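Just below is one structure, and these are the notes that go with it.
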Amino acid sequence: MMKKCLTGVIALLFLLSLAACGGQNKDSGENQTSADTPSAGTAEPINAADMFSDSDVKDVTNETPDATVTLSGSTGTLSDAARGTSGETVTITQKGVYRVTGTAENVTIKVDDETKSGNVYLILDNVTVTNTDRPCILVSDSDKVILQCVGSNALTASFSDEEVKKDAAIYAKDDLTINGSGTLSVKSGLHGIFCKNDLKVTGGTLTVDAASVGIKSDDSVRIGSGSITVTAGHDGIRINSETAGGLFYLSGDAQTCSVAVHAGYDGIDVEGSAVFDAGSMTVTTGDGAETAKDDKTSQKGVKCDGDLTVTAASLTISSPDDAMHAKGNVTISGGSIDAATADDGIHADGSITINDGNVLVSKALEGLEAETININGGETVIHASDDGLNAAGGSDSASEETGPWGGDSTGTLSITGGYLYVNAQGDGLDSNGSLYVTGGTVIVEGPTNNGNGALDVGERGGVASITGGTVLALGSTGMAVNFSEGTQCAALVALSGKAGDTVTVDDGSDFTFTAGKAFACVVYSSPALQQGKTYTLTAGSGTATLDFTSGQFYSDVSSGMGGGPGMPGGTGGDFPGNSPSDFNGERPSDFDGSFPGNPPSDFNGERPSDFDGSFPGDPPSDFEGAFPGTPPNGFPDDGTAAEDTQSA
């Protein structure tokens, strides 16, 4: 699993291509980006500064308004009749600055500028509106509407009629921006805020409490500044896009841009891409990571149909379902992620790439899961009840799913740099294809059961290759795997240890690690190891020899998956039923196909007519169960001989 203010946001982001190119505002001439929504599935860069325009951050609170709207009782009064109408619906038909004050019930402020003459600024100055089955603010037609908040404002729509079409406390068919120095509380019996185009938040304190979706958009939700809290019975923030070109975008300084989402379903749900450029976000879905995943309900932290990119944001996620889930690729280039989940920590149908930043998956079924996983830098810490890292396929807490790749999938796990620590009860590093390590530091505390291994690669041609970096993998012997390709020495040795034991190697690298749980074998590789030499690996009071005098890879462990010469300690290898030492694998020339105990060649499968039910070796019919030498009174419960037998 990010700290730049809106005016200093990163110039370029690797995201998805533009669904359309923003141009000039038709009437005002300012730069607009309402159509600059990237489409899913590509990776073309866009200019991050184009996410917001001048009007999105302009402060008009000190300007003389073009007209005022005064709310009182069940009506609203527009001061300039040439600019619209008054009544229970106050309709504004022209661009300009409008200051709104007062308290009203069942009154709607409607913007209906059919000519799209320019931006409409509504300064909400300590406004309270309470409605039943109608929006408090309705944008029917406009270039863009900017809600600028001053003081304390509250908009409530109870929506007793669930069939109402305009089903949000704030309902906008065109672009909508929320900012200002004040607060805005939005409560709804259905959706909180719904915008059919681009919805942007660039300042102020926004609180949304909705029975259904908190914030909903058909194009994009872009947050550049402000404090936003969303509580929703369904999804927290949802972006629906008919072309899968939707966008969720988070930017701004972490001190001035923070988002908290608590959702009954998904926290962030995007039909398109999600970009966390800067700022901070906390997401909790359902009752968090301590509850089991419900297979009938999607309760993911962040979910998107395209790519998910973290550039420099700070994300904290607790969810029963996947913490982060992308049908495209996940790329982390900085910032921090703290994820806890009852399912996958970070999942991608395509690839997961970590270039920099701090990623902590403190609780998960599987930590990272994707067809391809690339660890190139940063610090990544994974705690998983199943596999730590899984390249292609994996288990699911609610079913026997193997992901979108199918049962015959192959994947690649590549580690080129950074620091990676994995504590897993299943496989530590698991690739359905191959594992490649070329750099970095990798610590794996794998399973204590023999059904998994600290390292695991595919059975159909998968290899474990190492050409650089330091790897220490502790685990059980049952499915232990050593590196088998590459240019760097690696050893798999049987050496038991317990939590608290310190692991060291006398290779001059000064490497040391204190184990957090018990283990029965160790995989170790370091650039300090040299072929032709031997080393001593120490764990607590135990030691093991790493012997590279005969080759680059050494093992003294025999397991279900890994190789190695013999069992630790040796057994002699001669067991009853083994082939003779001179057996050449050929059938003897005089072999007639029969074995001792086979039935006669003329046996027809029928019981002989004179068969009395007894077989050679059966006890006599009068046998009472006592054998010669058995004590008269049998043996006592502790298995020792009776006293009279001993004395005899």
Side-chain angles (χ1 to χ4, degrees), residues 351-355 367-378 380 382 387-394 405 409-422 424 427-444 446 452-475 477 479-493 505 507 509 511 521-533 535 537 546-548 550-565:
S351 65
I352 295 175
T353 300
I354 300 176
N355 296 317
L368 308 182
E369 182 184 60
E371 184 174 11
T372 301
I373 300 176
N374 304 302
I375 309 295
N376 301 322
T380 302
I382 305 293
D387 296 344
L389 275 64
N390 189 332
W405 313 281
S409 63
T410 59
T412 301
L413 174 53
S414 173
I415 302 169
T416 66
Y419 173 84
L420 172 63
Y421 170 81
V422 174
D427 295 326
L429 305 183
D430 182 7
S431 174
N432 281 16
S434 296
L435 165 65
Y436 299 97
V437 180
T438 63
T441 299
V442 180
I443 308 292
V444 178
N452 294 283
L455 308 179
D456 188 22
V457 296
E459 299 178 6
R460 303 176 182 177
V463 299
S465 170
I466 186 162
T467 59
T470 298
V471 175
L472 175 71
L474 312 176
T477 59
M479 303 290 282
V481 171
N482 188 20
F483 290 96
S484 59
E485 291 189 5
T487 58
Q488 184 168 293
C489 292
L492 165 62
V493 293
V505 185
D507 59 358
S509 66
F511 176 85
C521 70
V522 180
V523 175
Y524 179 74
S525 180
S526 164
L529 300 177
Q530 298 181 31
Q531 190 170 340
K533 295 186 177 181
Y535 303 89
L537 189 150
L546 314 183
D547 186 354
F548 300 111
S550 299
Q552 179 183 340
F553 303 105
Y554 173 77
S555 176
D556 64 9
V557 174
S558 206
S559 70
M561 293 296 293

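Remember, it's a predicted structure, so these values are computed and weren't measured experimentally.
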Gap separating the CZ atom of F553 from the CG atom of N482, nearest 0.5 angstrom: 7.5 Å

Can you find a pair of side-chain heavy atoms, one from Q530 and one from Y535, that are under 4.5 Å apart? yes

Output for pair (T372 OG1, L413 CG), nearest 0.5 Å, gives 9.5 Å

Between atom CG of L472 and atom OG of S526, what is the distance when rounded to the nearest 0.5 Å? 10.5 Å

If only atom types and distance count, is the side chain of T438 paired as donor or acceptor with the main-chain N or O of G468 below 3.5 Å? no

If only atom types and distance count, is the side chain of D427 paired as donor or acceptor with the main-chain N or O of N452 below 3.5 Å? no

Ignoring hydrogens and angles, tell me if any N or O in the side chain of S351 forms a donor-acceptor pair with the backbone of T353 under 3.5 Å. no

For residues L389 and I352, determine if any side-chain heavy atom of one lies less than 4.5 Å from a side-chain heavy atom of the other. no

At what distance, to the nearest 0.5 angstrom, does OG1 of T467 lie from CZ of F483? 10.0 Å

S484: what forms a side-chain contact (heavy atoms from CB on, under 4.5 Å) with it, not counting sequence neighbours? none

Given L492 and L455, is the side chain to side chain contact (heavy atoms under 4.5 Å, CB included) satisfied, shown in steps? CA-CA 11 Å; L492 165 62; L455 308 179; over 6 Å; no

Atom of V493, atom of L546 and distance for their closest heavy-atom approach: CG1-CD2, 3.6 Å

Between the CD atom in E485 and the CD1 atom in I466, the distance rounded to the nearest 0.5 Å is 12.5 Å

Verdict with supporting geometry, Y421 and T441, side chain to side chain contact (heavy atoms under 4.5 Å, CB included): CA-CA 8 Å; Y421 170 81; T441 299; over 6 Å; no

On a heavy-atom basis, the closest approach of A424 and G428 is CB-CA, 4.0 Å

Mind listing the closest non-hydrogen atom pair of T487 and Q552 along with its distance? C-NE2, 3.0 Å

Write down the atom of A473, the atom of A454, and the distance for their closest heavy-atom approach. CB-CB, 3.8 Å

For a quick test of reading the model, state the closest non-hydrogen atom pair linking G461 to S434 and the distance between them. O-OG, 4.2 Å

Restricting to non-hydrogen atoms, name the atom on G469 and the atom on Q488 that form the minimum distance, rounded to 0.1 Å. O-NE2, 2.8 Å

Single hit among D387, V457, L420, I373 for side chain to side chain contact (heavy atoms under 4.5 Å, CB included) with L429: L420

Anything under 30° is parallel, anything over 60° is perpendicular, the rest tilted; go ahead and classify F511 against Y524. tilted

For the atom pair NZ (K533) and CZ (F548), what is the distance rounded to the nearest 0.5 Å? 12.0 Å

